[in-house]
Amino acid sequence: MVSLGLEDKVIVVTGGNQGIGAAIVAFLQELEAKVAYTDIKISDSNNGALGIQADVTDLSSMEAAAAEIEEKLGPVYGIVANAGITRDNFFTKLESTDWDAVINVNLKGVANTIKPFLGGMYERSEGSIVGISSISGERGNVGQTNYAATKAGVIGLIKSLAREGARYNVRANAVAPGFIDTEMTKAMPDKVKDKITAEIPMRRFGKPSEIAWAVAFLLSPVASSFITGEVLRVNGAHHT
Ligand code: NDP
């Protein structure tokens, strides 16, 4: 039988309480990984995955989460840095608090997520890191200077980590979703959503499960063992 080789691998997903993160948690559980997720709020809906309340903007909170995860589940093999927020506005109107909030969660939060686990991964010569970027980080988007800057930053961080981690057999890749049906995009006005849908060659938003498949592929020590420093676009040909 063919397998992605994720059985019993300990994998951490940030922002796993809802949306894309929850879909990744559920799918990794189907693949029989040992899954932990962190979020600001934790619900009981993730079928037995270990949920830990932790704020990605706070390094000490993420260090405490990392210690608890490794104590309860064992050494971490995979990290999915997924937590992210939007605070959209035209740049001329963007408040500096909204700039800082998005940078802190989407960029500093990714660094805070990875840092506590990386030394152990290097020591064990095994690991796969997936950062969730965005179509906006690659092509920019009106009203998203802050968000796009962080998502481009995730790509730079991941590509650098790929180069640093290669000698330790620790891979790092990014997934860049297009527009996906989650709470984040539900907040958009219908008129805007219709306009975007018309621009997408596949004429629809993606599903969270479609991102989960891409993430599982990049985590897999079998399927993607020689892939590192890449950005995998999942966007219905919206940006190629
Ligand atoms: P959601 O808003 O549905 O989920 C994001 C999760 O992250 C929420 O549970 C949220 O908690 C949590 N979160 C927010 N801030 C923090 C924090 N400081 N620490 C820990 N957890 C936090 O978003 P999506 O599922 O849509 O997005 C997931 C990722 O995918 C994000 O990085 C996003 O930028 C990216 N993405 C999404 C796209 C889309 O179209 N949906 C497109 C491209 C990329 P709470 O709700 O309580 O704030």
Side-chain angles (χ1 to χ4, degrees), residues 12-27 36-46 49 51-66 69 79-88 98 100-114 116 129-141 143-144 146-155 157-158 174-188 192-193 196-197 199-200 202 204-212 214-215 231-236 238-239:
V12 184
V13 182
T14 63
N17 199 51
Q18 67 176 44
I20 292 170
I24 295 168
V25 168
F27 189 52
Y37 71 99
T38 66
D39 208 304
I40 298 271
K41 291 184 299 242
I42 297 295
S43 67
D44 295 328
S45 58
N46 273 317
I52 296 176
Q53 191 182 2
D55 182 344
V56 294
T57 66
D58 177 0
L59 180 59
S60 59
S61 164
M62 293 310 291
E63 284 170 343
I69 290 163
I79 303 171
V80 185
N82 164 78
I85 60 169
T86 50
R87 296 284 185 274
D88 295 354
D98 288 335
D100 290 346
V102 172
I103 301 280
N104 280 335
V105 176
N106 296 11
L107 186 54
K108 190 176 167 200
V110 172
N112 288 345
T113 298
I114 296 166
I129 298 164
V130 179
I132 304 298
S133 178
S134 166
I135 187 173
S136 298
E138 288 200 289
R139 63 164 221 176
N141 196 19
Q144 291 201 314
N146 52 355
Y147 182 81
T150 62
K151 294 301 184 178
V154 167
I155 293 173
L157 189 159
I158 287 289
V175 170
F179 287 80
I180 309 297
D181 261 325
T182 67
E183 292 301 316
M184 188 177 266
T185 47
K186 272 189 194 123
M188 293 162 62
V192 176
K193 278 203 257 187
I196 292 168
T197 305
E199 288 169 4
I200 302 170
M202 289 191 84
R204 66 173 178 88
F205 278 26
K207 294 180 271 190
S209 61
E210 290 171 321
I211 305 304
V215 168
V231 181
L232 179 50
R233 295 174 182 144
V234 186
N235 65 27
H238 198 178
H239 175 70

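For the numbers below, each heavy atom of this structure counts, side chains included, while hydrogens, waters and symmetry mates do not. In each ligand, atom 1 is the first atom listed, and ligand 1 is the first ligand listed. When a residue number appears, it is its place in the shown sequence, counting from 1.
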Taking atom 5 (C) of ligand 1 as the reference point, the nearest protein heavy atom with its distance: G84 O, 3.9 Å
Note, Y37 side chain near I24 side chain (heavy atom, < 4.5 Å): no
Per-residue contact class, T185 against ligand 1 - non-hydrogen pairs under 4.0 Å: side chain
Option of least heavy-atom distance to atom 27 (O) of ligand 1 (set: I20, V13, V175, T14): I20
Ligand 1-proximal atoms of S133, by part, heavy-atom distance under 4.0 Å: backbone
Atoms of ligand 1 close to K151 [distance to a heavy atom under 4.0 angstrom, numbered from 1]: 31 (C), 32 (O), 33 (C), 34 (O)
Protein heavy atom at shortest distance from atom 19 (N) of ligand 1: V56 N, 3.1 Å
Heavy-atom nearest neighbour in the protein, as seen from atom 2 (O) of ligand 1, with distance rounded to 0.1 Å: Q18 NE2, 3.4 Å
Proximity winner for atom 14 (C) of ligand 1, if only heavy atoms of I85, D55, V110 are counted: I85
Under 3.5 Å: N/O of K41 near N/O of ligand 1: yes
Mode of A176 contact toward ligand 1 - side chain, backbone, both, neither (heavy atoms, under 4.0 Å): neither
Shortest non-hydrogen separation from G84 to V105 and the atoms involved: CA-CG1, 4.0 Å
Main-chain N/O of K207 paired to E210 side chain as donor or acceptor, under 3.5 Å: yes
Polar atom proximity, P177 to ligand 1 (N or O, under 3.5 Å): no
Heavy-atom nearest neighbour in the protein, as seen from atom 20 (C) of ligand 1, with distance rounded to 0.1 Å: A54 O, 3.5 Å
Close approach of N82 to ligand 1, heavy atoms, under 4.0 angstrom: yes
N82 (side chain) donor-acceptor with V13 (main chain) under 3.5 angstrom: no
For atom 40 (O) of ligand 1, closest protein heavy-atom neighbour: I180 N, 2.8 Å
Atom of A212, atom of A23 and distance for their closest heavy-atom approach: CB-O, 3.8 Å
Nearest-option assignment for atom 42 (C) of ligand 1, heavy atoms, candidates G109, G178, S134: G178
Close approach of Y147 to ligand 1, heavy atoms, under 4.0 angstrom: yes
For atom 11 (O) of ligand 1, the option (of N106, D39, I40) bearing the nearest heavy atom: D39
Shortest heavy-atom approach to atom 35 (C) of ligand 1 - which of V102, I132, T182, T86: I132
Where I158 and G131 come nearest, the two heavy atoms and their spacing: CD1-N, 3.8 Å
Short side-chain to backbone donor-acceptor contact, T185 and I180, under 3.5 Å: yes
Working for side-chain contact (heavy atoms from CB on, under 4.5 Å), residues Q144 and V102: CA-CA 10 Å; Q144 291 201 314; V102 172; over 6 Å; no
Donor-acceptor contact present, side-chain N112 to main-chain V56, <3.5 Å: yes
Check: I52 main-chain N/O paired with T38 side-chain donor or acceptor under 3.5 Å: no
Atoms of ligand 1 close to F179 [distance to a heavy atom under 4.0 angstrom, numbered from 1]: 40 (O)
Shortest non-hydrogen separation from V154 to L107 and the atoms involved: N-CD1, 3.8 Å
Side-chain donor or acceptor of Q53 paired with backbone N/O of I40 under 3.5 Å: yes
Under-4.0 Å protein heavy-atom contact, atom 48 (O) of ligand 1: no
Numbered atoms of ligand 1 (with element) below 4.0 Å of G19, judged on heavy atoms: 3 (O), 25 (O)
Protein residue, atom and distance nearest to atom 6 (C) of ligand 1, heavy-atom basis: G15 O, 3.7 Å
Over all atoms of both residues, closest heavy-atom pair of G178 and I135: CA-CG2, 3.8 Å
